[in-house]
Amino acid sequence: SQTIHQWPATLVQPVGSPLSLECTVEGTSNPNLYWYRQAAGRGLQLLFYSVGIGQISSEVPQNLSASRPQDRQFILSSKKLLLSDSGFYLCAWAQGQARNSPLHFGNGTRLTVT
Amino acid sequence: GQQVMQIPQYQHVQEGEDFTTYCNSSTTLSNIQWYKQRPGGHPVFLIQLVKSGEVKKQKRLTFQFGEAKKNSSLHITATQTTDVGTYFCAGPAGNQFYFGTGTSLTVIP
């Protein structure tokens with residue numbers, strides 16, 4: 001069966017520090033991968049998605065970036081965190097086109113920028 | 001771009017009462033998906049509706065897809081405390097998923 005791993009679960013970082021969140025998927029090949037952010041009590045904001053290795057689509061211009069160095073690995077990064085980067089970051093995967101497959105989310109990372 | 005709105009944003013009900021959340025899209029959807037996010041957790045896929053006018057049931061949950069495929073609803077009969085959470089609809093488009101704003105349900109025992 002397919003599983004998605006996301007770490008760390010919680011993170012407290014000072015303003016201006018770098019960020020690296022990692023997500024891996026097991027049990028499937030060539031998944032579509034997604035990074036979402038959720039502010040407290042708010043909806044899901046799509047940050048990046050990827051349909052293949054090295055292919056990244058950005059939905060919201062900001063100081064975050066994403067990379068997909070391997071088929072089942074998706075990384076979210078920042079060189080310098082802002083206070084507004086605080087939130088709940090969720091990695092997700094889907095098989096194929098969105099209309100044919102639901103999203104499967106990881107457990108998320110709660111990021112607090114102080 | 002595609003926008004998906006949900007109402008209400010918040011709903012408090014007494015245990016045993018019914019609950020409904022509505023989802024409206026600015027564009028016609030190929031299908032609609034529903035997710036539930038428990039407090040402190042991550043969204044979990046509930047169901048997908050594809051056909052115009054489709055109705056699906058999962059125990060006490062009834063999902064409907066509008067005839068024009070631009071709106072959908074989720075109805076919970078006789079809510080229980082285990083129904084607490086935020087319910088999201090999502091409209092797929094290409095490789096993207098456009099999520100609704102969510103309805104947060106509180107069930108008062």
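A note on names: the letters A, B, ... follow the listed sequences, proteins ahead of strands, and every chain is numbered from 1.
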If we ignore angles and hydrogens, is there a donor and acceptor under 3.5 Å between the side chains of [X] and [Y]?
{"X": "A/Arg110", "Y": "A/Thr10", "answer": "no"}
{"X": "A/Thr28", "Y": "A/Gln95", "answer": "yes"}
{"X": "B/Gln37", "Y": "B/Tyr35", "answer": "no"}
{"X": "B/Trp34", "Y": "B/Ser72", "answer": "yes"}
{"X": "A/Thr24", "Y": "A/His5", "answer": "no"}

Could you tell me which portion of B/Gln6 (side chain, backbone, both or neither) has an atom closer than 4.5 angstrom to a non-hydrogen atom of chain A?
->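 No part of it gets close to chain A.
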
Could you tell me which portion of [X] (side chain, backbone, both or neither) has an atom closer than 4.5 angstrom to a non-hydrogen atom of chain B?
{"X": "A/Leu90", "answer": "side chain"}
{"X": "A/Tyr49", "answer": "side chain"}
{"X": "A/Arg42", "answer": "backbone"}
{"X": "A/Gln38", "answer": "side chain"}

Looking at residues at least two apart in the chain, or sitting in another chain, which of them share a side-chain contact (heavy atoms from CB on, under 4.5 Å) with B/Gln58?
-> B/Leu46, B/Ile47, B/Leu61, B/Phe63

Going from OG on B/Ser25 to CG on B/Asn71, what distance comes out if it is rounded to the nearest 0.5 angstrom?
-> 9.0 Å

Can you get from A/Leu82 to A/Tyr89 by hopping between Ile, Leu, Val, Met, Phe, Trp and Tyr side chains that sit under 4.5 Å apart?
->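 Not linked; separate clusters.
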
Close contacts, residues 99-109 of chain B versus chain A, judged by heavy atoms under 4.5 Å | B/Phe99, B/Thr101

